[in-house]
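Here is the structure we will look at.
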Amino acid sequence: MTSKSKNPAPPSTAPEDERLPFGRTVAFGLQHVLTMYGGIIAPPLIIGQAAGLSSDQIALLVACCLFIGGLATILQSWGIPFFGSKLPLVQGTSFASVSTMGAIVSGAPDHVHGLQSVFGSVIVSAAIGFLIAPFFAKIIRFFPPVVTGVVITMIGVSLTPVAANWAMGGNAKAENYGSLQNIGLAALVFALTILFSKLGNAAISRLSILIAMVVGTLVAIPLGMADFSKVGTGAIFAFPQPLAFGMPVFEVGAILSMTIVVIVILTETTADILAVGEITGAKVDSKRIANGLRADMASTFVAPFFNTFTQSAFAQNVGLVAITGVKSRFVVTAGGGILVVLGLLPILGRVVAAIPTPVLGGAGIVLFGTVAASGIRTLSKVNYDGYNLIIVGASIAFGGIPIVKPEFYNHFPGWAATILHSGISSAAIMAVLLNIIFNEIQGGNSKKGSVFVAAPPRMVREEELDNLEDGDSYIGGKLVDAGGNEVKVVTAQQQLTELKRHAKACEKNNVPVPESVTAALQKIERDGTLPSGGH
């Protein structure tokens with residue numbers, strides 16, 4: 001008697017679970033590393049300089065950031081039970097914590113104590129973030145397309161100044177900052193990215209960012225804009241020394257400040273998970289978000305023991321997923337492995353660090369713009385008949401304040417300034433609140449919707465059915481426009497009645513009567529005729 005053999009479960013067909021050949025996986029992973037390299041090494045450079053560390057100590061901070069960032073990326077993308085979103089998300093040292101860490105270091109009696117206080121505050125705040133992560137995962141119902149579209153758009157918009165700064169040279173104090181040579185190199189990389197994306201070869205198109213950056217770097221060498229002379233200086237292999245600056249110090253003020261930063265990081269990582277889910281088409285539920293946030297906080301908790309800081313998802317790599325169309329999480333896992341290697345092999349890190357900042361800027365303009373475009377694509381699916389237009393408009397404008405006026409919140413309490421200084425978190429908070437006010441709490445809403453969308457119903461008289469617009473069609477006995485909306489077929493008297501009814505409804509709801517309605521009624525009173533067509 002033979003037992004029936006069970007058929008093995010079919011492999012997952014989800015785009016994020018696609019496995020590519022080894023060579024392509026590594027190449028695409030390297031592209032992710034190059035895209036975020038400037039961002040991941042910036043925080044340790046800034047904090048190291050603020051703390052007055054030596055070049056060797058700063059190099060240690062950089063190596064530790066690469067090492068932990070790689071491990072965090074592997075945990076987030078590969079995933080284990082309860083940890084990791086299993087999405088193509090690159091993790092690294094969060095820029096959101098830089099200003100707070102700088103303030104902690106500046107207020108310390110010496111740089112060692114300052115760093116110890118930073119590390120202690122990160123450990124405790126990460127533990128708090130880990131505990132509240134499930135709460136953040138439950139708020140997914142408050143992130144419909146009108147909210148996620150705003151947040152994704154603002155991720156791209158808020159990163160644009162970063163790309164512009166890179167394109168100008170990255171160092172505002174340098175003599176050649178903003179020079180035509182720097183911007184020209186960035187423009188070359190930008191143009192090459194577009195060109196390689198346009199080519200019919202799929203492999204070249206998907207590696208367009210990497211190829212453009214390599215070509216840009218090669219062009220920069222004879223121009224004296226790329227210096228590889230220091231690549232061979234220093235150790236080839238070095239394991240990051242745990243607690244190199246001593247045991248962490250736990251101070252209440254530093255912990256409170258860093259906890260606020262962690263809340264911002266949780267908000268931004270949630271937005272990044274939703275963004276990459278939208279781009280890949282992956283199902284993102286509260287469980288997946290909770291797993292992603294737990295991985296975020298677990299990595300942040302471990303980071304200080306290896307001399308580094310808060311970890312979060314990198315929005316620029318979300319843009320890379322969108323522009324290349326490579327949605328495999330295993331590509332990002334390979335990128336995490338490369339980061340680990342860079343952290344263990346400082347010589348390789350020095351090679352990558354030698355890439356001119358304007359090269360990163362040229363690539364960043366395309367990447368960050370693509371993130372914003374992904375958000376706009378999401379917003380195009382939103383129904384604007386109700387209050388969604390005011391939600392989108394107010395949230396984007398609110399998120400844009402710290403981008404166009406970074407000093408806007410300088411006189412606010414420190415905790416408020418920390419949260420609102422991020423255009424991403426500002427827009428997310430406003431979009432969520434307005435969505436709750438207008439779409440979740442229905443009481444008090446005008447039945448006619450927002451003043452911004454008040455418009456008369458579109459009509460045509462039955463004797464003038466030939467007065468159609470492009471895309472109009474007559475289907476199943478109904479006249480519909482290009483958007484699938486039915487256009488009423490009425491008599492002249494019915495049109496007059498409907499126009500008067502709409503005008504009264506606008507006045508009753510304190511909404512301005514549309515000019516087209518007023519003009520039509522005035523024409524009727526003036527000559528007794530109705531305007532042809534109807535809007």
Side-chain angles (χ1 to χ4, degrees), residues 94-100 136 139-165 260-275 278 312-313 315-316 318-319 368-369 371-441 444-446 449-454:
S94 172
F95 213 93
S97 60
V98 169
S99 59
T100 299
F136 266 79
I139 66 174
I140 188 173
R141 66 181 292 263
F142 298 114
F143 282 82
V146 68
V147 174
T148 57
V150 166
V151 175
I152 297 168
T153 301
M154 286 310 303
I155 289 174
V157 172
S158 65
L159 286 170
T160 301
V162 176
N165 180 57
I260 295 172
V261 172
V262 162
I263 293 174
V264 173
I265 291 173
L266 287 172
T267 303
E268 293 186 349
T269 298
T270 299
D272 287 331
I273 292 174
L274 293 168
E278 179 74 22
S312 68
Q316 53 261 52
V318 175
F368 305 157
V371 176
S374 297
I376 293 172
R377 181 176 60 185
T378 300
L379 290 174
S380 68
K381 304 174 184 177
V382 174
N383 185 340
Y384 291 99
D385 288 343
Y387 290 90
N388 286 334
L389 187 63
I390 192 173
I391 294 173
V392 173
S395 300
I396 289 180
F398 190 71
I401 289 175
I403 299 174
V404 299
K405 276 291 182 182
E407 67 276 13
F408 189 87
Y409 297 109
N410 283 0
H411 298 292
F412 278 55
W415 63 269
T418 299
I419 295 174
L420 298 176
H421 189 71
S422 166
I424 300 171
S425 58
S426 295
I429 292 169
M430 182 59 70
V432 170
L433 288 177
L434 291 182
N435 179 62
I436 292 174
I437 291 172
F438 287 116
N439 292 334
E440 295 289 333
I441 303 174
N445 285 359
S446 169
S450 167
V451 61
F452 298 102
V453 295

Are any non-hydrogen side-chain atoms of Pro145 and Leu379 less than 4.5 angstrom apart?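 Not in contact.
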Please tell me if the side chains of Val146 and Val392 come closer than 4.5 Å, counting only heavy atoms from C-beta onward. yes
What distance do Ser312 atom OG and Asp272 atom CG have between them, rounded to the nearest 0.5 Å? 7.5 Å
How far does CD1 of Ile396 sit from CD1 of Ile401, to the nearest 0.5 angstrom? 13.0 Å
What's the shortest heavy-atom distance between [X] and [Y], and which atoms?
{"X": "Thr269", "Y": "Ala313", "value": "OG1-N, 3.8 Å"}
{"X": "Pro402", "Y": "Gly399", "value": "CD-O, 3.3 Å"}
{"X": "Ala431", "Y": "Ile391", "value": "O-CG2, 4.1 Å"}

Do Asn388 and Asn435 get their side chains close enough for a donor-acceptor pair, meaning under 3.5 Å? no
Please walk me through it: do Ile403 and Met154 pass side-chain contact (heavy atoms from CB on, under 4.5 Å)? CA-CA 10 Å; Ile403 299 174; Met154 286 310 303; 3.6 Å; yes
Would you please classify the geometry between the Phe398 ring and the Tyr409 ring as parallel, tilted or perpendicular, with 30° and 60° separating the classes? perpendicular
Does Gly149 offer a backbone N or O that forms a donor-acceptor pair with the side chain of Thr378 under 3.5 Å? no
For the pair Ser395 and Leu434, evaluate side-chain contact (heavy atoms from CB on, under 4.5 Å) and give the outcome as yes or no after the intermediate values. CA-CA 8 Å; Ser395 300; Leu434 291 182; 4.0 Å; yes
